[in-house]
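See structure below.
Every chain is numbered from 1, with letters handed out A, B, ... down the list of sequences.
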Amino acid sequence: MTTGTPARSARTARVAWAGAIHEARPHPHGLQLADGRVLAEDAVVWLPPFEPGTVIALGLNYAEHAKELARELSKPVDAEPLVFFKTAGSLLGHRGQTWRPREAAFMHYECELAVIIGRAGRRIAAADAMQHVAGYTVANDYAVRDYLENWHRPNLRVKNRDGATVLGPWFVPAAEVPDPHALALRTWVNGVPTQQGHTADLVHRIPALIEYLSGFMTLAPGDVILTGTPEGVSDVRAGDEVVCEIEGIGRLVNTLVDDALFQPQTRE
Amino acid sequence: MLSDACDLPRFVERPPWRLSGVVVGAALNDPDTLEALGAAVDAAPYRGAPRAPVLYVKPRHTLARADAPLQLPADAPAVEVGATIALLVGRTLCRASPEEALDAVTGHALAVDLSLPLASFYRPAARAKALDGSCHIGAIGAPHRPDVFGWRVSIDGRTAQRAGSARYTRAPAQLLADVSGFMTLRAGDLVLLGVAQGAPLARAGQRVRIEAEGLAPIEFDVEAGA
């Protein structure tokens, strides 16, 4: 454990193993199921590490990333947070496969800090907001830029694709993250560093986001806020391994796969 | 799965399916909406009519039973009453043809998508479109040809809009097929076919009723926000 995992971490994962879904904890040899079985990291199927409620995503929440995209935006970035929702079908666990459509010229990862709500609330003041946070995980929220259009941008065809929002590996309780605005984010593609940022550079910080969102919607346990990605997005291809790491939170691995795997349904 | 906090009526939970809690709506699916924008469609920020379906998600906190009052935000004078038809998906649709998609529809309901009036369609506008309790779903009725519904919206007993489901830019079967091209639809998912241009406004203190032949009505009060 090199990413600052405390000796007796309370972080948890959800994994499928031998016919059932289990809660698991970190173990020196990989992970340990609640029933005591110890397994290697690559022996299990990793699921998103908590039961996701509403998935809330932020766009353009790092100033340098907004600059990186400025050329193709037809309006300046608003002062109000850019928020959109996702459906459960978009979610995927650690070490999963994401479809990289061959026809697209530009599909990119987005390493993001995911904030998981633990306590329901409406009209939460920023000063109280952190009491509503249960914990954190890493998100890789892919986008296919070819499909961007200027209507409800970014729309679902870009940001709500099957299995293109990766969460995990661990749910890290808030008590283990003294300052969520002091975390380095990094992405590697096939081992080459491509994206580097820091949560200190969030335009809208977590308390402000919770205050803003809960101003019009009731937040509930399991709701998750994907806080946006820093600059450094680049195209990825089928076969690439993408690793998103957030300091102290986890290292999330995903592999892109080609159209050829997704064959038409055969019918009798 | 729906959370306990979401009090959709029990009759929608009959086997062999129950609502999954996923509700996706088609925006700008009435040709009159784009027509009303005129030349603005080709100017910035839009730079041309949409090519793919323009979709939005109504998350669990928006889902409301047919008689649940809506609380207006304190700073909002009125809410747009976007009556529409919800299709209930009865089996998995992944990259389906329009024919397969229509065949998988297992029920229909009236639905109302309540939204603060939008000055622009450029951004997803979560604050306007995802108010607590802003998506009323009526009782689910049996399968029906989805292109033959007409509905009436009345506010305080006076007819405020008559519209129907015949004039979609993307017809229901094509809409489901196109959506299933990148996001798998599952049994229990609801797809809102699109509100008609000219959705009437309702203010605090008013009572809204939406009715359509062959479908259960929706009727609720609009209340002033705290």
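- For chain A, the option among B:Ala44, B:Ala128, B:Gly48 with the highest count of heavy-atom pairs below 4.5 Å is B:Gly48.
- The shortest non-hydrogen separation linking B:Pro50 to A:Glu149 is CA-OE1, 3.2 Å.
- Remark: B:Glu219 CD is packed, more than 12 non-hydrogen atoms of other residues, nucleotides or ligands lying under 6.0 Å away.
- For a residue to count as touching a neighbouring chain, one of its non-hydrogen atoms must lie under 4.5 Å from one of that chain's; by this rule B:Leu185 does not touch chain A.
- Atom CE of B:Met183 and atom CG of A:Asp162 lie 7.5 Å apart (nearest 0.5 Å).
- Heavy-atom distances place the side chain of B:Leu34, and not its backbone, under 4.5 Å from chain A.
- Under the 30°/60° scheme for interplanar angles, the aromatic rings of A:Phe85 and B:His61 are found to be tilted.
- Contact annotation for A:Glu51: neither backbone nor side-chain heavy atoms come within less than 4.5 Å of a heavy atom of chain B.
- We find the CZ-OG1 distance between A:Arg161 and B:Thr184 to be 10.5 Å, quoted to the nearest 0.5 Å.
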Pair A:Tyr212, B:Arg127 - check side chain to side chain contact (heavy atoms under 4.5 Å, CB included), show working.
CA-CA 9 Å; A:Tyr212 171 74; B:Arg127 187 168 55 84; 3.6 Å; yes
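- B:Glu35 pairs by the side-chain contact (heavy atoms from CB on, under 4.5 Å) definition with nothing, not counting sequence neighbours.
- Residues A:Thr87 and B:Val22 come closest through the heavy atom pair CG2-CG1, 3.9 Å.
- Of the two parts of B:Val24, only the side chain, counted from C-beta on, holds a non-hydrogen atom closer than 4.5 Å to a non-hydrogen atom of chain A.
- Both the backbone and the side chain of B:Arg51 come within contact range of chain A, each with at least one heavy atom under 4.5 Å from a heavy atom of that chain.
- Looking at A:His152 and B:Lys129, their side chains come closer than 4.5 Å, going by heavy atoms from C-beta outward.
- Here the shortest heavy-atom pairing between B:Arg95 and A:Gln263 reads NH2-O, 3.4 Å.
- In terms of heavy-atom pairs under 4.5 angstrom with chain B, the leader among A:Leu213, A:Val83, A:Leu219, A:Val144 is A:Val83.
- Between the side chain of A:Asn150 and the backbone N or O of B:Arg47 there is no donor-acceptor pair closer than 3.5 Å.
- Side-chain contact between A:Arg122 and B:Asp132: present, with at least one pair of heavy atoms (C-beta onward) separated by less than 4.5 Å.
- Between A:Met217 and B:Ala130 the shortest heavy-atom distance is CB-O, 3.9 Å.
- Looking at B:Ala49, only its backbone comes within 4.5 Å of chain A, counting heavy atoms on both sides.
- Ranked by heavy-atom pairs shorter than 4.5 Å toward chain A, the options B:Pro53, B:Ala27, B:Pro73, B:Pro45 are led by B:Pro45.
- Closest heavy-atom contact between B:Pro124 and A:Leu82: CD-CD1, 3.5 Å.
- Salt bridge annotation for A:Asp78-B:Arg123: absent, with no cationic side-chain nitrogen under 4.0 angstrom from a carboxylate oxygen.
- Using non-hydrogen atoms only and a strict 4.5 Å limit, the part of residues 221-228 of chain A facing chain B consists of A:Pro221, A:Gly222, A:Asp223.
- Listed here is the closest heavy atom pair of B:Arg60 and A:Thr54: CG-OG1, 3.4 Å.
- The distance from atom CG of A:Asn155 to atom CZ of B:Phe182, rounded to the nearest 0.5 Å, is 7.0 Å.
- Classification of the A:Trp151-B:Tyr46 ring pair by plane angle, with boundaries at 30° and 60°, yields parallel.
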